[in-house]
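All chains are named by letter (A, B, ...) in the order of the sequence lines, taking the proteins before the strands, and each is independently numbered beginning at 1. Just so it is clear, the values below take in all heavy atoms, side chains as well, and ignore hydrogens, waters and symmetry mates. Fair warning: this is a prediction, and the values are worked out from it, not measured in the lab.
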Amino acid sequence: MSDEEETQPTDEQKIEIAKWFLLNAPAGEIQYIAKDMKAVLQDETLYITAAAEAFPLYNKSHMICLDFPDRSGEVMVTPFSEIGENEYLDPRTAQVAIVDHVNQVCRRARPANDEELPTPYIEEYRYALDIEVTKYVSEAYPKGICSVHCVNGKDVEEPGMDFELVVVISAARLSPQNFCNGSWRSIWNVEFKDEAQLVEVRGTLQVGAHYFEEGNVQLDAKHECKDSTMFTSPEDSAHSVTTIIRHHETEYLNSLQTSYSKLPDATFKDLRRKLPVTRTLFPWHNTSQFSLRKDIQKNLGLEKKK
Amino acid sequence: MEAAMGLMRRIPPKHSEAALSALLSLLPHHSADLLSQVDQPLQVLCDVDSGKEFILCEYNRDADSYRSPWSNKYHPPLDDGLYPSQELRKLEMEANDVFTVYCDQYYEGGTSSVYIWENEDEDGSRTADGRRGYLEEGSWEAIHVIEVVPLDEATARYCLTSSVMLSLTTNDESSGAFNLSGSIRRQMNMDIPVDEGHLCNMGRMVEEMESKLRYSLDQVYFGKTKEMICTLRPPSELVQTSLPEQINK
């Protein structure tokens, strides 16, 4: 690597590198990375190109939440709420937000038109699930946000066909002054299967934490799970699905805690003991007990000349 | 340069190699600084003469070759590489032997290498000592750089900069993929009489530092990230759960 210092990377390569750094930013830190990246690139145009490509991907993957300009509500920027370029649907207020990704704000909002919204039949299910999940999230997460979208079959008018809803839950705790940030993201796919009269639930949970006072320690954990329940009325299905979500998320949190408590005992100790087997500090002055040449060591210490 | 270090503090530790490569290509003029300030996972090579492993790092590198502390030879062979003076080489060999035992005592396995060289400007010598313990699920890598400056006949000043890189990964059915990694850097300065020899003083400093770092990593860093998760979503004792009867009709 060091022998090719004369060959600068191409503009394309620089853009790819900038994008990579931006995309790998921990939760809530992309603006800091952006600032540092600009300084390292020293080229405004290249940075702008990279940012334009990286920010939308980052925002959607981290499911950031933006306020509507008139404070009428919030919209979550996710792959599931995206209905057009930079346009994101909030089903609760039936509004579409036009979003500025790089600055991470909602520029303006417009009412959603009928084609963009699900049918009343689907909306019943979506709405019921939304109510239950919102209740759950407000109980389980001090600062969580959630949203329910229809990703498949939003035009289904009556029973007889399959459709699919997605529940997204996101919670972030940002404390840059304490050098600590963290995020929890869950995505639950809820498939309503008409023929089997079954609802299949698949969840992906992702947790991250970053502590960076005089160092850089990060946790990156991911988990997938499945479950199912009966296809019943909107309210009952909503209640069952939410119970499933609650159960699995709680279980996962418990298993994370178990992993953490195993750390000092099992894994850490295997890497480096607190003390040697002798239960005393290493005898530096008397290593001859390990049959080494003590004399040379002493002589070298005295002979060191200027 | 400050911006580059800022980036390194935020990028996930598991990507630190890729990040460093990227930064080196973007900032070729700063490559010396970057390489010495950013710690990378340590790799080992096998010394052809003794069959023992040695650690590759900035401190035993010249061009693209690395000098083995066991045979004092460059791998791959290099015509005019840098070598420590005879005197330093003796100290280096001694140090390597002692640290191997130290490594064994604390790490019950693992690899350690000590490199000593003379600093051109001052009358001091530097010792770099890499330590590497490796487990199936994780790794601990430590680099300690000590700058030794004789103050007078009887004492010397030791400036120690240590970094530890740690990586723990588990992947099982119940908890999914769990990856916790990080690196921390600390410094320590001491003025110590040299009557017991440099090796003794440096060894004690390294031992003390490693213990502190291990404690730090354990309590502060891992503790903090765990605390963060519990803040995000408090444990279930605070949440009421009720199973509906309808599920089991």
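Between B/Lys224 and A/Glu213, none of the side-chain N atoms (NZ, or NE/NH1/NH2) sits under 4.0 Å from a carboxylate O, so this pair counts as no salt bridge. Ion pairing between A/Asp43 and A/Lys14 fails under the 4.0 Å rule for side-chain N and carboxylate O. By the 4.0 Å N-to-carboxylate-O rule, B/Glu94 lies too far from B/Lys90 to be salt-bridged with it. A salt bridge between B/Arg89 and B/Glu92 is present, with a side-chain N of the basic residue lying under 4.0 Å from a carboxylate O of the acidic one.
Of the atoms belonging to B/Leu27, it is side-chain heavy atoms, and not backbone ones, that fall under 4.5 Å from chain A. In this structure, the portions of A/Ile33 lying under 4.5 Å from any heavy atom of chain B include both its backbone and its side chain. Proximity to chain A (any heavy atom under 4.5 Å) is shown, for B/Met5, by neither the backbone nor the side chain. The contact between A/Ser183 and chain B is made entirely by backbone atoms, counting heavy-atom distances below 4.5 Å. Residue A/Val40 touches chain B through both its backbone and its side chain, counting heavy-atom pairs closer than 4.5 Å. Of the two parts of A/Glu251, neither the backbone nor the side chain holds a non-hydrogen atom closer than 4.5 Å to a non-hydrogen atom of chain B. For B/Ala156, no part lies near chain A; criterion is any non-hydrogen pair under 4.5 Å. Proximity to chain B (any heavy atom under 4.5 Å) is shown, for A/Leu205, by neither the backbone nor the side chain.
Contacts with chain B were tallied for A/Glu16, A/Met37, A/Lys38, A/Lys143; A/Met37 has the most, counting heavy-atom pairs under 4.5 Å. By number of non-hydrogen pairs under 4.5 angstrom with chain B, the leading residue of A/Val207, A/Asn178, A/Asn24, A/Leu41 is A/Asn24. Of the listed residues (B/Ala19, B/Ser163, B/Cys230), the greatest number of heavy-atom pairs within a distance under 4.5 Å of chain A belongs to B/Ala19. Counting heavy-atom pairs under 4.5 Å between each of B/His30, B/Arg10, B/Lys14, B/His15 and chain A puts B/Arg10 at the top. Your options are A/Ala39, A/Pro26, A/Ser175, and the one with the most heavy-atom pairs under 4.5 Å with chain B is A/Pro26.
Side-chain rings of A/Tyr252 and A/His248 stay apart, their centers remaining 6.0 Å or farther from each other.
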What's the verdict on side chain to side chain contact (heavy atoms under 4.5 Å, CB included) for A/Ser186 and A/Glu249, showing C-alpha distance, side-chain angles and the deciding distance?
-> CA-CA 9 Å; A/Ser186 7; A/Glu249 294 196 341; 2.6 Å; yes
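For B/Arg233 and A/Tyr141, the positive end sits near the middle of the six-membered ring, less than 6.0 Å away and at most 45° from its axis.
Between the side chains of A/Tyr47 and A/Gln42, not a single donor N or O lies within less than 3.5 Å of an accepting N or O.
Scanning for side chain to side chain contact (heavy atoms under 4.5 Å, CB included) contacts around A/Gln13 gives A/Pro9, A/Thr10, with sequence neighbours left out.
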